[in-house]
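All remarks here apply to the structure that follows.
When a ligand or atom number is given, it counts from 1 through the structure's own listing order. What's counted below: heavy atoms across the whole structure, side chains too, no hydrogens, waters or symmetry copies.
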Amino acid sequence: MTSLLTPSTALSFDLSLKKYGQLIDGQLVDGVDEMPVLDPGTAERIATTPVASSEQLDMAVQAARRALPGWSALGYDERSKVLHAVAEVLAAHHEELAQLTTLEQGKPISEARDDVAWSIDFTRYFADYRLDTEILRDDASSYVELRRKPVGVVGAITPWNFPLFQAVYKLAPALIVGNTMVLKPSPTTPLATMHFAELVREVIPAGVFNVVGDSGELGPLLTSHEGIDKVSFTGSTVTGRRVMAAAGPSLKRLTLELGGNDAAIVLDDAEIDKTADGLCNWAFANAGQVCVSIKRIYAPSSLYEPLVEALAQRVSALTVGHGLDPLSQLGPVQNEAAFQKAREALAVAARDGRVVAGGEVLDQPGYYVQPTLVRDLDENSPLVREETFAPIRSVMPYDDLDEVIDRANDTQYGLGGSVWGSDVERAIEVGARLNVGTSWINHHFQLTPDVPFGGVKQSGLGAEFGRTGIEEFTNVHVVNLKRI
Ligand code: NDP
């Protein structure tokens, strides 16, 4: 289905006239160049954002370095107040930030509102977190304590699928433990991040948080910069490898959250309708542009036909349209390159399998792809083997549980996976055999600030969220006393 309503915004300012600045040392700074931002729902220019020179990147890094001693000395309670103030700013501008997210990213406004709501929740959670000193030993002869110190200046690099949320969920844990940050948004989705930076300028001390604009040149400069102590990167596996190589010479700390090719295994006692609802939801959210989307569905032969039918019905019924149209359940893909890749994936779907829902791009301005379900693919099809960052998903039958677990694990990726069934104990056992960072049972893509999230194999390095994720923004410092 296609929705044809004309989008309109409730922004209180004219976006086409708005002048964005980069946040450097508490000031909004013009770029040396400008870059157009397109609405993927119309493929038209909607705004202009600044682009930094390498000198401006240096200025941002130096500002973050200067701010570091004062910010880290401030202590948890004062830093917590600042982060709670950030959460208040997000809450006060919830709708505005959601609309900007939809306009630059394409996702339905309800999903963009979720992005902002999660940003608020994650900020509040991290604002209240403390990594207190641990006493490891305290006896007659010795006393040993473990302190957690900030790693220093964090370089954060975000992609285009959850631009604001990813910026915020890197910023809040980094700041609460005393780091400062230079953040570079993706060139195609800088708007909500720059808007957020402008808003929080009033509550975050100068230099603690810096945002630079990029048209595709800055990433390697940031990841190799001598003034950056740690890189927190979310993006593709190919780029993640480059980030790791660039960070090598100065031994920067790294957190890499990369691609995924998550499998969902349906067990033979799964309830068809509920399972189909969940699978459809977590395979097609954000037009399939989620690292932890369900990308491959495996169903037992006994349930295969009814499940494929239930999925095909749901997928065909999804309403595709501009994200600001409240009827839209699926927006466009985010950029032209992603659109071209989606076209190629649709051709592969038609060649290698049987398309049972969707299968086309929409013949209208914008980067719209019909949500597509393809069945009966061979495991060697690129649609099964590779990450498909578009609303195109596959469903395949299996006869043997051990064999399907092997198929699920037979990938270079290891981000997430899910198991769906009524016997929860059995589902958990199957989930535990997946070689991934997270196995979800009867759901998928559930990220919360208290639970670590990360990938194995080519899906990344380290984790975000939870104590594990926060600790990655710190260095261990042991104080070891011999009692004499
Ligand atoms: P990239 O991984 O190339 O880009 C992500 C971010 O990294 C952007 O800010 C980009 O900025 C930056 N970057 C690119 N090259 C470097 C570098 N050498 N050093 C440091 N930073 C760099 O993703 P794309 O946007 O090109 O998307 C391509 C594919 O990546 C998608 O089709 C999808 O498969 C996957 N992807 C995965 C995501 C995830 O959440 N895991 C998110 C987005 C994409 P710049 O372009 O300016 O260099």
Side-chain angles (χ1 to χ4, degrees), residues 31 33 35 37 40 49-52 54 57 104-107 115 155-167 169-170 182-190 193-194 211-225 228 230-248 252 254-262 285-293 295 333-345 367 369 382-383 385-392 411-416 437 445 447 453-455 457-461 464:
D33 201 353
M35 189 177 48
V37 181
T49 52
V51 173
S54 60
L57 172 65
E104 67 177 341
Q105 204 279 339
K107 65 182 64 184
D115 282 12
I157 298 179
T158 50
W160 40 257
N161 48 354
F162 294 85
L164 177 73
F165 179 43
Q166 283 154 334
Y169 78 53
K170 292 182 188 299
V182 177
L183 185 141
K184 184 201 88 57
S186 174
T188 58
T189 52
T193 308
M194 290 209 170
V211 175
V212 288
D214 174 36
S215 61
E217 315 295 325
L218 281 193
L221 300 180
L222 185 65
T223 49
S224 58
H225 201 292
I228 298 282
K230 175 191 167 90
V231 177
S232 177
F233 172 83
T234 303
S236 63
T237 296
V238 171
T239 305
R241 292 190 190 110
R242 291 191 193 121
V243 169
M244 196 165 182
K252 293 185 200 325
L254 281 179
T255 302
L256 303 176
E257 201 268 278
L258 308 177
N261 191 9
D262 292 14
N286 201 15
Q289 303 164 109
V290 187
C291 48
V292 280
S293 262
K295 305 216 166 92
V333 295
Q334 199 277 319
N335 56 59
E336 194 171 1
F339 190 52
Q340 291 313 327
K341 281 191 193 169
R343 279 180 191 275
E344 289 162 22
Y367 308 129
V369 180
L383 271 187
R385 298 220 66 79
E386 293 165 15
E387 177 180 40
T388 306
F389 228 59
I392 303 162
T411 166
Q412 62 166 330
Y413 296 107
L415 198 53
F445 177 37
L447 301 183
F453 167 65
K457 299 197 277 185
Q458 301 295 301
S459 288
L461 197 71
E464 299 188 283

| field | Where ligand 1 meets Ile157 - atom numbers and elements under 4.0 angstrom, heavy-atom basis | value | 6 (C), 7 (O), 9 (O), 12 (C), 20 (C), 21 (N)
| said: Do Phe445 and Asp262 have side chains that approach each other closer than 4.5 Å (heavy atoms only, starting at C-beta)? | reply: no
| Side chain, backbone, both or neither: which part of Leu218 comes within less than 4.0 Å of ligand 1 when only heavy atoms are counted? | neither
| Contact (N/O only, under 3.5 Å) between Gly235 and ligand 1 | yes
| query | Which of the listed options, Val51, Asn286, Thr223, Leu258, holds the heavy atom that is closest to atom 41 (N) of ligand 1? | reply | Leu258
| task | Using protein heavy atoms only, decide if any is under 4.0 Å from atom 30 (O) of ligand 1. | result | yes
| task | Pull out every atom of ligand 1 sitting under 4.0 Å from any heavy atom of Pro187, numbered as shown with elements. | result | 11 (O), 45 (P), 46 (O), 47 (O)
| request: May I ask you to test the Leu258-Tyr413 pair for a side-chain heavy-atom distance under 4.5 Å? | output: no
| Are side-chain N/O atoms of Gln412 and Arg385 paired as donor and acceptor at under 3.5 Å? | no
| Is there a side-chain contact between Thr193 and Ser186 (heavy atoms, below 4.5 Å)? | no
| task | Please round to the nearest 0.5 Å and tell me the distance separating atom CG of Asn261 and atom OG1 of Thr388. | result | 7.0 Å
| field | atom 4 (O) of ligand 1 - nearest protein heavy atom and its distance | value | Thr239 OG1, 4.5 Å
| message | Distance under 4.0 Å to a non-hydrogen atom of Phe233: what atoms of ligand 1 satisfy this? | response | 2 (O), 6 (C), 7 (O)
| request: Decide if atom CD of Glu336 counts as having more than 12 heavy atoms of other residues, nucleotides or ligands within a radius under 6.0 Å. | output: no
| task | May I ask you to check whether Glu217 has an N/O atom sitting below 3.5 Å from an N/O atom of ligand 1? | result | no
| message | Among all protein heavy atoms in this structure, tell me which lies nearest to atom 11 (O) of ligand 1, with the distance rounded to 0.1 Å. | response | Lys184 NZ, 2.9 Å
| message | I'd like to know if the side chain of Thr188 pairs up with that of Gln334 as donor and acceptor (distance under 3.5 Å, no hydrogens or angles considered). | response | yes
| Minimum-distance protein heavy atom relative to atom 32 (O) of ligand 1 | Lys341 NZ, 3.3 Å
| request: From the options Thr239, Thr223, Thr234, Leu256, select the one residue that forms a side-chain contact (heavy atoms from CB on, under 4.5 Å) with Ile157. | output: Thr223
| If you measure every N/O of Ser215 against every N/O of ligand 1, is any gap under 3.5 Å? | no
| message | Please report the interatomic distance NZ(Lys107) to CG(Asp115), rounded to the nearest 0.5 Å. | response | 3.5 Å
| said: Could you identify the single nearest non-hydrogen protein atom to atom 47 (O) of ligand 1 and state the distance to 0.1 Å? | reply: Asp214 OD2, 2.4 Å
| message | Is there a side chain to side chain contact (heavy atoms under 4.5 Å, CB included) between Glu464 and Ser232? Walk through the geometry before answering. | response | CA-CA 9 Å; Glu464 299 188 283; Ser232 177; 3.7 Å; yes
| message | Taking the side chain as everything from C-beta on, heavy atoms only, tell me whether Leu447 gets closer than 4.5 Å to Tyr169. | response | no
| request: Could you find the nearest protein heavy atom to atom 25 (O) of ligand 1 and give me its residue, atom name and distance? | output: Trp160 NE1, 2.5 Å
| said: With a cutoff of 4.0 Å, is Ala246 in contact with ligand 1, counting heavy atoms of the residue only? | reply: no
| remark: Among non-hydrogen protein atoms, atom 43 (C) of ligand 1 lies closest to Pro159 CB, 3.4 Å
| note | Val243 heavy atoms within 4.0 Å reach ligand 1 at atoms 19 (N), 20 (C)
| said: Could you check whether any side-chain N or O of Thr158 sits under 3.5 Å from a backbone N or O of Gln166, counting only pairs where one atom can act as donor and the other as acceptor? | reply: no
| request: Compute the minimum heavy-atom distance from Phe162 to ligand 1 and say whether it is under 4.0 Å. | output: no
| For Glu387 and ligand 1, does the shortest N/O to N/O distance drop below 3.5 Å? | yes
| field | ligand 1 atoms in contact with Gly216 (distance to a heavy atom under 4.0 Å) | value | 45 (P), 47 (O), 48 (O)
| said: Counting only heavy atoms from other residues, nucleotides and ligands, does the tally under 6.0 Å from CE of Met244 exceed 12? | reply: no
| said: Can you report which non-hydrogen protein atom sits closest to atom 8 (C) of ligand 1, along with the distance? | reply: Thr158 O, 3.7 Å
| Mind checking whether Ala338 has a heavy atom under 4.0 Å from ligand 1? | no
| query | Of the listed options (Gly155, Pro220, Gly219), which comes nearest to atom 18 (N) of ligand 1 when hydrogens are ignored and any heavy atom counts? | reply | Pro220
| remark: Closest to atom 35 (C) of ligand 1 by heavy-atom distance, out of Pro185, Ser186, Ala337, Ser236, is Ser236
| said: Does any part of the side chain of Pro220, heavy atoms only, come nearer than 4.5 Å to the side chain of Arg242, both counted from C-beta? | reply: no
| query | Do Phe389 and Val333 pass the side chain to side chain contact (heavy atoms under 4.5 Å, CB included) test, and can you show the C-alpha distance, the side-chain angles, and the key distance before you say yes or no? | reply | CA-CA 9 Å; Phe389 228 59; Val333 295; over 6 Å; no
| query | Considering distance alone, does some N or O of Phe389 sit under 3.5 Å from an N or O of ligand 1? | reply | no
| query | Considering only protein heavy atoms, which is closest to atom 40 (O) of ligand 1, and at what distance to one decimal place? | reply | Asn161 ND2, 3.2 Å
